[in-house]
Number of protein chains: 2
Amino acid sequence: MKIDPNSSADLSAQIAQAIKDAIISGELIVDERLPSETELSDHFQVSRPTVREALKRLAAQSLIRTQRGASGGAFVNRLSFEDAYAQQVTTSTLLLSMNEVSFDTACEARYALERACAPLSALRRSPDHLATMRAEIFRQGQPGLTDEAFCASDVAFHRALVDGAGNPVLSYQLAGAVEAMQPLMNMITFTARDRERIVELHGQIADAIEQRNSQAADLALSELTAYTLELGTKAMAARASRHQNRSNVENPK
Amino acid sequence: MKIDPNSSADLSAQIAQAIKDAIISGELIVDERLPSETELSDHFQVSRPTVREALKRLAAQSLIRTQRGASGGAFVNRLSFEDAYAQQVTTSTLLLSMNEVSFDTACEARYALERACAPLSALRRSPDHLATMRAEIFRQGQPGLTDEAFCASDVAFHRALVDGAGNPVLSYQLAGAVEAMQPLMNMITFTARDRERIVELHGQIADAIEQRNSQAADLALSELTAYTLELGTKAMAARASRHQNRSNVENPK
DNA sequence: AAAAATTCATTTGTCTGACATTTAAAAGTC
DNA sequence: GACTTTTAAATGTCAGACAAATGAATTTTT
C-alpha cells in the first residue's frame, strides 16, 4: 500500500484509494483488521486526521466498519446485499433527479429490466412471493389509499416479482431501477380508473406467474409498460402546463 | 439541517446524513455552495475536523466536490452518469467477490438483463454501435490474444450492444452487471474452439442487431448464455479439483 | 487608460497535541 | 472459581495553528 508523493490529489483521497485497491485486490480480506490510525499515519507519513478522513471515505462506501475500544479498529466489511442495495437506490435516485432523466427513459429502463426477470420468476417463484404479490394487489384495491401508499405498494409488488426469480444479484440490480422510479411515479395522480386498470394488470401478472406462464406474464408487463408510459406522459404534460400558467401569473404581460 | 444530540452515532456520520438529506430533498440544489467548514462547525456545534470527516464521506459518494481558495468551498455535485457508472461497477464487483456469488447466478443475472436490452438495441442502434461491435468481434478473432484481452473485448462488445438501446439509464444499470462479471470470466481459460464459438455467436448477434431482428438477437443471446454457463461450470469444476489436489498435497493422509 | 503585477482575504488541506469515550483483557478480590 | 476493578489500546472529538490555492481588489507599470 503506497501513495504517490507527486500527485496533486488530496492525501486522504490517495490513501483511501490505496486501501480500496488493497481490498479489491484481495490483499486485505473480509473481517481483517486494518492497522490502527496511528500506525497508518506512520506508514503513509501523514497526520492522524488525514488518515481519518481517508477512513471515513471508505466507511461511506461500506468498505470498512470501525469499532471503538481495545481490540477495536477498522475492519474490512463484507459488502452485504442490503448495503449494496441501499447504495444502488441512493445513487439511482440522485442520478434520476439531478439529470433531468425523462419519465419515458426511466420507465423504459425499469420495465425492460423487469421483463427480463419475469420468465425466471415464473419458473422459480415460491408461494411466499405469490402471496406477497396478492397481498399488495389487495391493498392497491382498497379505497382511500393515498397516492404515495399506492406507489409504495406498487414497488412492493414489483419487488416480490423480481425476488421471485430467486437470483440475489438480479434483485440487487433491479432495486435501483424500481425504487428510483418512485419519486417520478409520485408525481402522478392516479384516478380511480387508473388504479383499477393497474390492479387488473397486476392480477394478470400474478396469475401468469402462478401458472408459470412466462409468455402471459410478459404480455401483461408489456401492457403495463404502455399504460404507465401513457399515464406518465399525461402527468408530465399537466405538470408542464401548470408551471406555464404559474409563470404567466407571476410575470403577466 | 439538524442533528440529534442524543444519537449514539458518530457526529460526522450524522452531519453527513443531514447534508445528504438536504440534497435529496432538494433543499440544496446542484452547484449550490455549502457553507464553509467554519460556518458548518458553528452551525452544528462541532469542531472543524468533524465537519471535514462528514464532508469527506459525501465526497466519497460524489455528492459534493470541493475547491480550494477564495470563493472556493464545497459544492453540490451533479451526479454524472460516469460517476454513477463507476460506483455501480465498484459496488457490483465487490459484492460478487465478497459474497461468493456463484458463477451461475452472476451469469444468469447478466444475460437476463442483457436480453432486456437487445430488442431496444435492435430498434435504435446507430451505425456507430454496430461498427464497435464488428471491430470487437474482429479483435476477438485475432490469434495470440491473451484471455484478459479477450474478456476485455467481450465487455466492450456487450457494452456497445447495451448502449445501442440509446437509454442512458439502462446503460448505467447494465454497467455493473457486465463489468462485475469480468473477474469471474477471467478465471476461465478459453480454448481456441471456445473463442471460435463465442465469436460466431457474437457475429450472429451483430447480424441480428444490424437487421433489426430482435428475435434472432434474443436467440443468439440465449445460446451464448447457455454456452457461457457451460464454460463457467467446467472452469469452476477444474478450479475446485485443483484446490482439492493442492490441499491433498499439503495435508497428505 | 489599459495591462500587468502585487497584495490580500478567504477557504480548503494538513499538522500537532491533547482529552474523552469505549471496550476487551488483565489484575485483583472475595 | 466467580465477580469486580483496573488498565491499556483504540477510536471519537476538540482547539489552534500554518500551508497552499485562488479569486478579487489594489497598485504599479506601460
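All of these numbers come straight from a predicted model, not from anything done at the bench. Note on naming: letters A, B, ... go to the chains in the order of the sequence lines (proteins, then strands), and numbering restarts at 1 for each one.
- Of the residues listed (Leu145(B), Asn186(B), Thr146(B)), the one engaging Cys151(B) in a side chain to side chain contact (heavy atoms under 4.5 Å, CB included) is Asn186(B), and it is the only one.
- Side-chain atoms of Gln173(B) and Gln88(A) include a donor-acceptor pair closer than 3.5 Å.
- Atoms CD1 and NZ, on Ile15(A) and Lys2(A) in that order, are 14.5 Å from each other to the nearest 0.5 Å.
- Comparing dG23(D), dT16(C), dG13(C) against the side chain of Lys56(B) picks out dG13(C) as the nearest.
- One interatomic measurement links the two molecules: CD of Gln14(A) to P of dG13(C), which rounds to 13 Å at whole-angstrom precision.
- Side-chain atoms of Ala70(B) lie closest to dT10(C) of the nucleotides dT10(C), dA19(D), dC15(C).
- Taking only side-chain nitrogens and oxygens, Thr66(B) comes nearer than 4.0 Å to OP1 or OP2 of dG13(C).
- For the atom pair OH (Tyr172(A)) and CG (Asn99(B)), the distance works out to 11.0 Å, reported to the nearest 0.5 Å.
- Both Glu39(B) and Ala9(A) lie near DNA chain C, and the one whose nearest nucleotide falls closer to the 5' end is Glu39(B).
- Between the C1' atom of dT16(C) and the CD atom of Gln45(A) lies a distance of 15 Å, rounded to the nearest Å.
- Using a 4.0 Å heavy-atom cutoff across all strands shown, Leu55(B) reaches no nucleic acid atom at all.
- Regarding contacts with the backbone of dC14(D), a side-chain N or O of Ser47(B) is found under 4.0 angstrom from either OP1 or OP2.
- In this structure, Arg48(B) atom CZ and dA19(D) atom P are separated by 15 Å, rounded to whole Å.
- Look at CZ on Arg68(A): it is 18 Å from C1' on dA25(C), rounded to the nearest Å.
- Between the CD atom of Glu53(B) and the C1' atom of dT12(C) there is a distance of 15 Å, rounded to whole Å.
- Summarising the geometry, the separation between CZ on Arg52(B) and C1' on dT14(C) is reported as 8 Å, rounded to the nearest angstrom.
- Atom CG in Leu40(A) sits roughly 14 Å away from atom P in dC15(C) (whole-Å rounding).
- Set against dT11(D), dT13(D), dC15(C), the side chain of Glu37(A) has dT11(D) as its closest nucleotide.
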- Task: For Arg65(A) and Asp31(A), run salt bridge (charged side-chain N to carboxylate O under 4.0 Å, His left out): C-alpha distance rounded to whole Å, both residues' side-chain angles, the deciding distance at 0.1 Å, then the answer.
- Result: CA-CA 9 Å; Arg65(A) 61 178 185 279; Asp31(A) 292 334; 3.0 Å; yes
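- The phosphate of dC15(C) (OP1 or OP2) has a side-chain N or O of Thr50(A) nearer than 4.0 angstrom.
- Going from atom CZ of Arg33(A) over to atom P of dT23(C) covers 15 Å, rounded to whole Å.
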